[in-house]
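Take a look at the structure below.
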Amino acid sequence: MGHVEIPETDISGPVGLRGAPRPRTAASRNRTAALEQLWRAPTAQRDPAGRVPARRKPVHRASVGALTDLLALAGPAWLLLHLGEQPRPWLAAAVAGLLWTGLRGARGRYADPVRAEPGGAFGALGDWLVLLGVLAVLHAAAGGSVDPATAVVAVAPGLLAATAVEGLRAGRRGRAVRKVLLVGEAGGLDRAAELLNSRTDHAYQLVAAIPVGPGRPGFESVQVPGRLASCPADDDVTTVLGGAYAHDADLVLVAPGPQLTGDRLRRLGWGLHDAGIALSVVSELSGIAAGRVRPVTAAGLTLLHIAPPLRGGPQGILKAVLDRGGALFGLLVLSPLLLAVALCVRLSSRGPVFHRQVRQGQHNRPFTMWKFRTMVADAEARRAQLTEDNEVDGPLFKMRQDPRVTPVGRTLRRTSIDELPQLFNVLLGQMSLVGPRPPLPEEASRYDEREGRRLTVKPGLTGLWQVSGRSDLSWQETVSLDLWYVDNWSVATDMGLLARTVRAVTDGRGAY
């Protein structure tokens, strides 16, 4: 194509009927100057001695990780099925390998080590349990002739390989920390800094902050290398870049506000990206998993579409099947332990073996929950005398040294064995293996609208709060964790929480 020259014309004023530009007026010249001033992006040259962050190659890493998982599971599976004289071993191994790779890819196991979902060995175990469930459903639907026990053994090498790889990735993730420079108005800085510093399950290290406007941040532990004016200025980019270089930050995290308009943020992004510094924007959305958020553009706007929480569909059916099947399997396997515990409870103190208590279930429907008795027989009557000794806020009642707990009951509580009879509640459909804690009627009667949302799903034998500290958490922390689960649960999340429950029960943290 030839080069076409477009003559320079003044288009700031209205165009006549024949397209000829009208003479420029003083007002039009002023508007043009204002627009040029508004859109003139400040530029900044990176210090030649500074190091430009190397560009990552997540696609290559994802391909290698997926291929490793595929071969590590499909190869041994084919060999074991072939040696076991199972029908069509190559097809069964290929299906299992593809499902395994697709499942782990969907859960972000092949992502950048900084951004990947944490999981380690327990994450691999959760993935593997989901794979077994999917294969069991396919086996039943297709009427497969592969022996189930042989199939479990055949896919076990895939779990071992994934566990080893996840261990290596966890070590890399521990070293792959993103140093963050926070930019925003005082209120936004305080909120973002508090959240980033309150948790350690992420790879973002806050190294400095640059306030916008005259407000003073509420934190003192973070260095402040500079400040942006309330209105857009030519030195916005140079100030932020100077703070990033001074603290070796590779990510600028912006908390938007009235003084950080869309145009100012866009011009700041131009300068940062030209200098090789990544930019992220803090969203006001909270408690929403990233998988439910889908960015789209329309009419020049960037929109975030938020998918509704799962309440049914195929995943709801699969959750119900796994709940009933898991509860039945658990009762059969743990029956010797349940009988031994029942005998210990009966002989160690006077009273019944089981403690039956009315709890509020899904949609606030009451049901009778079963537990091994861990307290003296008249524990409920003595609770009123201990009200002033309650150690938690909110409607809960908890004491670290509750005098009503028996010696055997203290051991059962620490190991969470007292909760195992709730498998009967799961089998009856009153509870789920994973879900929020079922409240007492008097607790549920004090719920506000936010807390009452916990009752929109079935209560669980274990849940997010159990693997995050149990009774060591405050009431508001417990509610926040339960609400996150209610809005973001999935079968894969349930499997991961079941795997993490093993670790939480082992260390006994927060159980009393």
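The structure displayed is predicted, hence computed values, not measured ones.
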Does any donor atom in the side chain of [X] or [Y] lie under 3.5 Å from an acceptor atom in the other side chain?
| X | Y | result |
| --- | --- | --- |
| Ser432 | Asp323 | yes |
| Asn197 | Tyr204 | no |
| Ser480 | Arg450 | yes |
| Trp489 | Gln315 | no |

If only atom types and distance count, is the side chain of [X] paired as donor or acceptor with the main-chain N or O of [Y] below 3.5 Å?
| X | Y | result |
| --- | --- | --- |
| Arg292 | Ala307 | yes |
| Thr101 | Leu98 | no |
| Asn488 | Ala289 | yes |
| Gln362 | Thr456 | yes |

Is it true that atom [atom1] of [X] has more than 12 heavy atoms of other residues, nucleotides or ligands lying nearer than 6.0 Å?
| X | atom1 | value |
| --- | --- | --- |
| Phe424 | CZ | no |
| Arg356 | CZ | no |
| Gln205 | CD | yes |

Identify the residue among His363, Arg311, Lys319 that makes a side-chain contact (heavy atoms from CB on, under 4.5 Å) with Val457.
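The side-chain contact (heavy atoms from CB on, under 4.5 Å) with Val457 is passed solely by Arg311 among His363, Arg311, Lys319.
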Can you confirm if the aromatic rings of Trp370 and Phe354 lie within a centre distance of less than 6.0 Å?
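Yes, the ring centres sit under 6.0 Å apart.
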If you draw the axis of the six-membered ring of Trp100, does the NZ or CZ of Arg104 fall within 45° of it and under 6.0 Å from the ring centre?
yes
Test side chain to side chain donor-acceptor pair (under 3.5 Å) on Asp418 and Thr374 and set out the steps.
CA-CA 7 Å; Asp418 63 316; Thr374 59; 4.8 Å; no
Salt bridge Glu443-Arg437, side-chain N to carboxylate O under 4.0 Å
yes
Taking 4.0 angstrom as the limit, do Lys179 and Asp250 come out as a salt bridge?
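No.
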Residue pair Thr406, Arg413: steps toward the side chain to side chain donor-acceptor pair (under 3.5 Å) verdict:
CA-CA 10 Å; Thr406 65; Arg413 288 190 170 201; over 6 Å; no
Test Arg453 against Asp487 for salt bridge (charged side-chain N to carboxylate O under 4.0 Å, His left out), laying out the working first.
CA-CA 9 Å; Arg453 189 168 174 80; Asp487 287 338; 2.8 Å; yes
